[in-house]
Protein chains: 2
Amino acid sequence: MPSQPRPAGSAQSRPRPPRSTPRPPRAADHGGSSLAALAALLADPTRAAFCDALLDGRAWTSGELARYARVAPSTASEHLSRLIAGGLLAEERQGRHRYVRLATPAVATLLEDLTAFAESGGTGTRPPRTLAEAGRLSAEARARTCYDHLAGRLGVAVADALLNRGLIAEDTGLAVTERGRAWLAAQAIELPPRTGRRGGRPVVRNCLDWTERRNHVGGALGEALCRTALDRAWVERIGSGRALRVTPDGGRALHELLGVDVP
Amino acid sequence: MPSQPRPAGSAQSRPRPPRSTPRPPRAADHGGSSLAALAALLADPTRAAFCDALLDGRAWTSGELARYARVAPSTASEHLSRLIAGGLLAEERQGRHRYVRLATPAVATLLEDLTAFAESGGTGTRPPRTLAEAGRLSAEARARTCYDHLAGRLGVAVADALLNRGLIAEDTGLAVTERGRAWLAAQAIELPPRTGRRGGRPVVRNCLDWTERRNHVGGALGEALCRTALDRAWVERIGSGRALRVTPDGGRALHELLGVDVP
DNA sequence: GGCACAGTTCGGCGGGGGCCGAAACGAGCC
DNA sequence: GGCTCGTTTCGGCCCCCGCCGAACTGTGCC
């Protein structure tokens, strides 16, 4: 029977701080309320699964996403409307189809950052949980796209090669070197215009890989490299997911140009 | 699209067994479920307000955060436990106080990215909603900290000055130039060790400003500049928020060193 | 026109979770 | 020891929201 439990009324004569406001202005709305609204969009497993699927950079229909996430079409429709209203997705109607894709590369960056933190920052390693997941992982772990750039072991290997050959440098910040610019020109790989200016898309961007726990190259450079690899058939997509396969031609090209030997 | 393992909501001639799969394998758990778990932590207005407060880079007690967000101490305690379990916050107990702070700079970066997107990416401009908010904004709009670097008009002005003087460059990626390195050495401003290496903190980082809609300088360089400014009393904190005041000495120093005239 | 199919709207259901107050715990202080 | 006060745990309330099926709209195809 320890201490007397707080003589109810007595206590001190504290004027009972704004205890009023029984229910109305709940949220102090100090700051971060718009953060909460954005996070709420991603806090639902189904909506998160949609975003994950759309991280392949392509446009999906409402029905495809519904089947992917195993929910009724009506449910998917409502989720998509919310994601679009929140500015995360953009839609394009064609006939009786509703195609959706990530609204901007900035959304993809945001999702990648969040995913990378969630996968690695939380508790450290997280092995695959189901057999199907393990199988899918092994394919995606080798090579995959990460919205519009290369990831997986291939992405990391390319990033390492670029660094080791002095085509990009990170001593004082991540940037394309003079040699790198010449190399890009020699390969006829060109960066999209209007990048690097204040507010524009960064040219080189570290993107933490959730399988390799290493950085690969994103940004405009990552996009240009991935686009080139697909255009020149160095890699091709496997099925409808994000996994990639390196073609024989691609293996040769990567070896000759960057010294990358695909495992 | 080959066979759907479990045709959840497809055919319409379902025999109506008491709702097969009453509730079991709801989530496809394809991908993004860990993303959802992370986002759920930030999806609550109260937890978001906590994070917003902690973005000043300092440690707050549980009670302080409860009063800030206008919730009962018990509620705050539960929220903090969840945020800590999720790896977003770190705690330090001192006597009967529980101090919490953002777990790592990476968390701050994540929060800043999300906030910037939420404030500007959503619908474009968003004027202050309340009178108190407007007043607070005017102070913070001039100069404030953004976790560990400078933001607001001051932050943007410093970033512009660094660019215009060729101390940093972004032609091929954001990086400190040779001149910039010399300038930093001349001012006896030193970057923390172990930055810039793969996986480490980036040296220079664009951070979109939600008041100016312009980029300011984050990363290790932003942290070093902000620390220097506080150490040498060029700026000082106003009250307990994130707002800063430029001291007379600071005004002179900023003008001489960078040509920045504080408005 | 009629059918098939993609998507949407609506009503209703059920569970999760945020909130609070009451009580317990424990550190500091006299 | 006894008190204060910051924090935590627990029980209970209630609202929010994700889910579905059914009905509806509108497109494309015969």
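Chain letters run A, B, ... following the sequence lines, proteins first and then strands; every chain starts at 1.
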* Give a yes or no on whether a donor-acceptor pair under 3.5 Å exists between the nucleobase atoms of dG18(C), that is its base, and the side chain of T46(B). =>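 Flag unset: no donor-acceptor pair detected.
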
Roughly how many Å is it from [atom1] in [X] to [atom2] in [N], rounded to a whole number?
X      : N      : atom1 : atom2 : result
W60(B) : dT7(D) : CH2   : C1'   : 18 Å
H97(A) : dT8(C) : NE2   : P     : 12 Å
L65(B) : dT7(D) : CG    : P     : 9 Å
R96(A) : dA6(C) : CZ    : C1'   : 6 Å
L80(A) : dT8(C) : CG    : P     : 7 Å

* **For W234(A), the option from V246(A), T228(A), L150(A) that meets side-chain contact (heavy atoms from CB on, under 4.5 Å)** =>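 Exactly one pass, corresponding to T228(A).
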
Should [X] be listed as having a side-chain N or O under 4.0 Å from OP1 or OP2 of [N]?
X      : N       : value
R93(B) : dT8(D)  : yes
H79(B) : dC19(C) : yes
R82(B) : dG18(C) : yes
R47(A) : dG18(D) : yes

* **Pairing of E112(A) and R205(A) as salt bridge, 4.0 angstrom limit** =>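 Counted as a salt bridge, because a side-chain N and a carboxylate O are separated by less than 4.0 Å.
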
What nucleic acid atoms does [X] come within less than 4.0 Å of, heavy atoms only: base, sugar-phosphate, or nothing?
X      : answer
T61(B) : sugar-phosphate
T75(A) : base
S62(B) : sugar-phosphate

* **Side chain R47(B), main chain A36(A), donor-acceptor under 3.5 Å** =>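 The answer is no, because no donor-acceptor pair under 3.5 Å joins these two groups.
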
* Check whether any side-chain N or O of T247(A) sits under 3.5 Å from a backbone N or O of A233(A) as a donor-acceptor pair, and report yes or no. =>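 It does hold such a pair.
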
* Asked: D44(B) side chain: which of dC20(D), dA27(C), dC19(C) is closest?
  ->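 It is dC19(C).
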
* 5' priority, DNA chain C, between R98(A) and G95(B) [closest heavy atom] ->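 Result of the comparison: R98(A).
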
